[in-house]
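Whatever order the structure lists ligands and atoms in, that order sets their numbers, starting from 1.
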Amino acid sequence: MSESPTPENASFDQIGEVLRNHQSFVLISHVRPDGDAIGSQIALGFALMAAGKSVRLINEDGLPDNLEFMAGSDKIELPPAEPLDVEVAIALDTAAKPRMGEKALHAASKAKIWLNIDHHKSNPSYGDLNLIDSSSPATGQILYQLITALGLPMPAESRDAIYVAVSTDTGSFQYPSTTAATYRMAAELIDHGLDVGKINSDTYDNHPYRRVELMRALLNTLELSADGLVANWELRDKTRIDLALLPEDSEGLIDIIRAIRGVQLAVFFEELVDGKIRVSMRSKDKRVDVCKIALEFGGGGHSLAAGIRMTGPLEDAKALVLAAIRRHIEAAGL
Ligand code: AMP
Ligand code: MN
Ligand code: MN
C-alpha cells in the first residue's frame, strides 16, 4: 500500500451539510459495476430525490443485466457526451478516481465539490470530502449509517438497494467482513418492509443459462498448485465470443474455486474486449493480503478480495501475478 498520509475522513455532519446546501448531484460508481456499486447509487440517489434534490446516476458501463431487477435501476444512465450542470459529484464504492471511467469523469467535470464514499482500504481519499471506512463490508452499509444518522428519507428503492449492496459484497452475509452491525442493519431493513425471500431469489436464483455454460468452460481451465494453496482459472476471448457472454456473467464465480478445501488463494484471469487482462484475487488467509499484491500491479481492493487491470497477453499477466502470489505466500510462511 502507498504510505502517503491519507486526509482525515469527513464527519457525517460535514457530509450532511454538503447534501443539504446543494440542489443538484451526480452519483457515479466504478466500471463493470457490481451490486454494491449500483446498489449504492440507487440507495443514496433515491434518498436524495425523496429529499427533493435533483439527481443523476451515471455509470461508464451502464446497468448490467444481472441487476436489472433492482427497483430504481432504470435511473442508471450511460455518461452523456456533455458535462452535466451539477454542483456536487459523489463517487461511490470506487477505489481510485480513474476507476469511474473517462466518460463518467467528463460528465461530472463541472461539479464544484467531490464527495468520495467508499470502503476500499486502498482508496487514496481523492475527494474534497472523504468518507472511507475500510472496516465496513460494503459501501451500502456506510450509506445506511449515513442516511439514518442524517435523518434522510429511506424510500423502498433505497432500502432494497442497500440490502443488495451488502449481500453481494459479503457473499450473502458470509465473509469475515460481516459484523453484528451488518445483521442488525439487515434486520432493520426487513422491519421496514424488505421482502427478503424475493430479493434473495432475484439476486441469486436468476442466472442466464450462458452463465452456467461459462462455469463449465472455466472448470476446463482449472489449475491447482502442487501444494494445493493456489487455484486459478481463465476466460479467453474465444469462450466469451462463443457463449456471447456479457461482462457481468462471471461476477462471483471465483467463489467456486475459493471454496476448495485447502485453497487459500483463488485467482481468475480474464481477457477483456480492450485487450487488457482483468485479474480477480481472493484470499482466505489474513496473512496473505491480496490488496498488497494488486497494488504492485496498479490495482487495488481489500485484504481478502482485490483486482487488477493489466497489459496482456494473458500468459504474461498470469506468470507475473502467480509469481507475486508465490512470493507473498512464502513471506507469510504458509
Ligand atoms: P473483483 O475481483 O472484480 O470482484 O474485485 C474485488 C475487489 O477489488 C472489489 O472491491 C473491487 O472494487 C476491487 N478492484 C477490482 N479491480 C480493481 C482495480 N483495477 N483497481 C482497484 N480496485 C479494484
Ligand atoms: Mn464494487
Ligand atoms: Mn464494495
In terms of residue, atom name and distance, what is the protein heavy atom nearest to [atom]?
| atom | answer |
| --- | --- |
| atom 4 (O) of ligand 1 | R282 NH2, 2.8 Å |
| atom 3 (O) of ligand 1 | R278 NH2, 2.9 Å |
| atom 2 (O) of ligand 1 | S280 OG, 2.4 Å |
| atom 7 (C) of ligand 1 | A305 O, 3.5 Å |

I'd like to know if [X] and [Y] make a salt bridge, using a cut-off of under 4.0 Å between side-chain N and carboxylate O.
| X | Y | value |
| --- | --- | --- |
| D160 | K198 | no |
| R210 | E248 | no |
| E271 | R240 | no |

Heavy-atom contacts with [X] under 4.0 Å: which atoms of ligand 1 show up? List them by number with element.
| X | answer |
| --- | --- |
| H120 | 9 (C), 10 (O), 11 (C), 12 (O), 13 (C) |
| R309 | 19 (N) |
| H302 | 10 (O) |
| G301 | 8 (O), 13 (C), 22 (N) |

Residues [X] and [Y]: side-chain donor-acceptor under 3.5 angstrom:
| X | Y | result |
| --- | --- | --- |
| S135 | D133 | yes |
| D13 | S11 | no |
| S29 | Q41 | yes |

**Prompt:** Out of T94, D93, D118, which one pairs with N123 under the side-chain hydrogen bond (donor to acceptor under 3.5 Å, both in side chains) rule?
**Reply:**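 Exactly one option meets the side-chain hydrogen bond (donor to acceptor under 3.5 Å, both in side chains) with N123, and it is D118.
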
**Fill in**
The N/O/S atom of D34 lying closest to the Mn ion (ligand 2) is OD2

**Item:** Parallel, tilted or perpendicular: ring planes of H302 versus H119, cut at 30 and 60 degrees
**Value:**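 The rings of H302 and H119 sit tilted, inter-plane angle from 30° to 60°.
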
**Message:** Below 30° counts as parallel, above 60° as perpendicular, anything between as tilted: where do the rings of Y163 and F173 land?
**Reply:**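 The rings of Y163 and F173 sit tilted, inter-plane angle from 30° to 60°.
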
**Message:** Donor-acceptor check, side chain of R282 to backbone of A305, threshold 3.5 angstrom: yes or no?
**Reply:**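 No.
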
**Request:** To 10°, measure the OD2(D36)-the Mn ion (ligand 3)-NE2(H119) angle for me.
**Result:**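 OD2 of D36 and NE2 of H119 make an angle of 100° at the Mn ion (ligand 3), to the nearest 10°.
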
**Request:** Have a look at G307, P33, A266 and point out the one with the heavy atom closest to atom 16 (N) of ligand 1.
**Result:**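 Checking each option, the heavy atom nearest atom 16 (N) of ligand 1 is found in G307.
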
**Prompt:** So between S122, C291, G300, whose heavy atom ends up nearest atom 21 (C) of ligand 1?
**Reply:** G300

**the Mn ion (ligand 3) to nearest N/O/S of D169 less than 2.8 Å** = yes

**Message:** If I consider every N, O or S atom in D93, which one ends up closest to the Mn ion (ligand 3)? I only need its name.
**Reply:** OD1

**Request:** Quick one: look at R32 and ligand 1, take heavy-atom pairs under 4.0 Å, and tell me if it's side chain, backbone, both or neither.
**Result:**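 For R32, there is no contact with ligand 1 at all, from either part.
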
